[in-house]
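Let me begin by presenting the structure, written as structure tokens, before commenting on it.
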Amino acid sequence: GEDVEQSLFLSVREGDSSVINCTYTDSSSTYLYWYKQEPGAGLQLLTYIFSNMDMKQDQRLTVLLNKKDKHLSLRIADTQTGDSAIYFCAESRETGGFKTIFGAGTRLFVKA
Amino acid sequence: SQTIHQWPATLVQPVGSPLSLECTVEGTSNPNLYWYRQAAGRGLQLLFYSVGIGQISSEVPQNLSASRPQDRQFILSSKKLLLSDSGFYLCAWSPPLDRVWQGYTFGSGTRLTVV
């Protein structure tokens, strides 16, 4: 299967950490990505992780990859109101071409 | 640097009218190009992708078509719009396989309302 699954909503208080989870089905995935979409805009690549890595940290963002369980997470430390957006998980695989599968997106609400 | 332009930003069209959305990429050559549709509050649906001039792959049979007349130009069209064509349309490009890690770069989107 080609599914990438995410929970649809997450609500956190400003200053708390947010953890957005994602599961994927294809074990041949090469890269996994997190994109952010603000209202009325296109998607913006936040970060990516190569499939042979377990963790990647970039300022307030931490990506964890569990290949055994096919589980990817994005942690946002000290969540701010400006982090309110839809976050998409995506996986890509090199199978004679280049195909990226996107999840349905998780809408993050940050309460002041 | 690479940029992607998509227009128009918003469009209101009557049922049965034609459609043409245009997307151009600058600063790169031979990009992979994509058209996605995003229904309200929902995820992305891949409509078409292209790996080269004149090469179009359709992911979902529908009322829409795509063309790539030039290397960095991707056009989404319809001869007769349906109400169900309403949505947020996104164009995107990606680099060749040796730069897969760069992911996709999306345009700012076109909000289409069919009335």
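Predicted model only: the values in this text are computed from it and were never measured.
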(request) For atom NZ of B/Lys80, decide whether the heavy atoms of other residues, nucleotides or ligands shown that lie under 6.0 angstrom number more than 12. (result) no
(message) Quick check on the hydrophobic clustering: are B/Leu112 and B/Tyr34 connected, directly or via other members, by side-chain heavy-atom contacts under 4.5 Å?
(response) no
(request) Tell me whether B/Phe88 is reachable from B/Tyr49 by hopping between hydrophobic residues (I, L, V, M, F, W, Y) whose side-chain heavy atoms are closer than 4.5 Å. (result) yes
(request) Report the distance from atom CD of B/Gln38 to atom CZ of A/Phe88, rounding to the nearest 0.5 Å. (result) 4.5 Å
(request) Find out if a path of hydrophobic residues (ILVMFWY) with successive side-chain heavy-atom gaps under 4.5 Å connects B/Leu21 to B/Val114. (result) yes
(message) Between B/Leu64 and B/Val15, is there shared hydrophobic-cluster membership here, with clusters defined by ILVMFWY side-chain heavy atoms closer than 4.5 Å?
(response) yes
(request) Answer with side chain, backbone, both or neither: which region of A/Phe50 has an atom nearer than 4.5 Å to a non-hydrogen atom of chain B? (result) neither
(request) With rounding to the nearest 0.5 Å, note down the distance linking CG in B/Asn32 to OG1 in A/Thr100. (result) 9.5 Å
(message) So for B/Gln102, is it side chain, backbone, both, or neither that comes closer than 4.5 Å to the heavy atoms of chain A?
(response) backbone
(request) Kindly indicate, with the supporting measurements, whether the criterion ring-ring contact (aromatic ring centres under 6.0 Å, His included) is fulfilled by B/Trp101 and A/Tyr48. (result) CA-CA 7 Å; B/Trp101 56 267; A/Tyr48 68 92; 5.8 Å; yes
(message) For residues A/Leu72 and A/Ile86: do they belong to one hydrophobic cluster (side chain heavy atoms under 4.5 Å, members Ile, Leu, Val, Met, Phe, Trp, Tyr)?
(response) yes
(request) Give a yes or no answer on whether the side chain of B/Tyr104 reaches the backbone of A/Leu45 with a donor-acceptor pair at less than 3.5 Å. (result) no
(request) First locate atom OG1 of B/Thr105, then atom OH of A/Tyr35, and finally report the distance between them rounded to the nearest 0.5 Å. (result) 7.5 Å
(request) For atom CZ of A/Arg13, decide whether the heavy atoms of other residues, nucleotides or ligands shown that lie under 6.0 angstrom number more than 12. (result) no
(request) Before giving the answer on side chain to side chain contact (heavy atoms under 4.5 Å, CB included), spell out for B/Leu46 and A/Ile101 the whole-Å C-alpha distance, their side-chain angles and the decisive distance to 0.1 Å. (result) CA-CA 9 Å; B/Leu46 178 62; A/Ile101 307 298; over 6 Å; no
(request) Against chain B, label A/Gln37 side chain, backbone, both or neither, depending on which of its atoms sit under 4.5 Å from a heavy atom there. (result) side chain
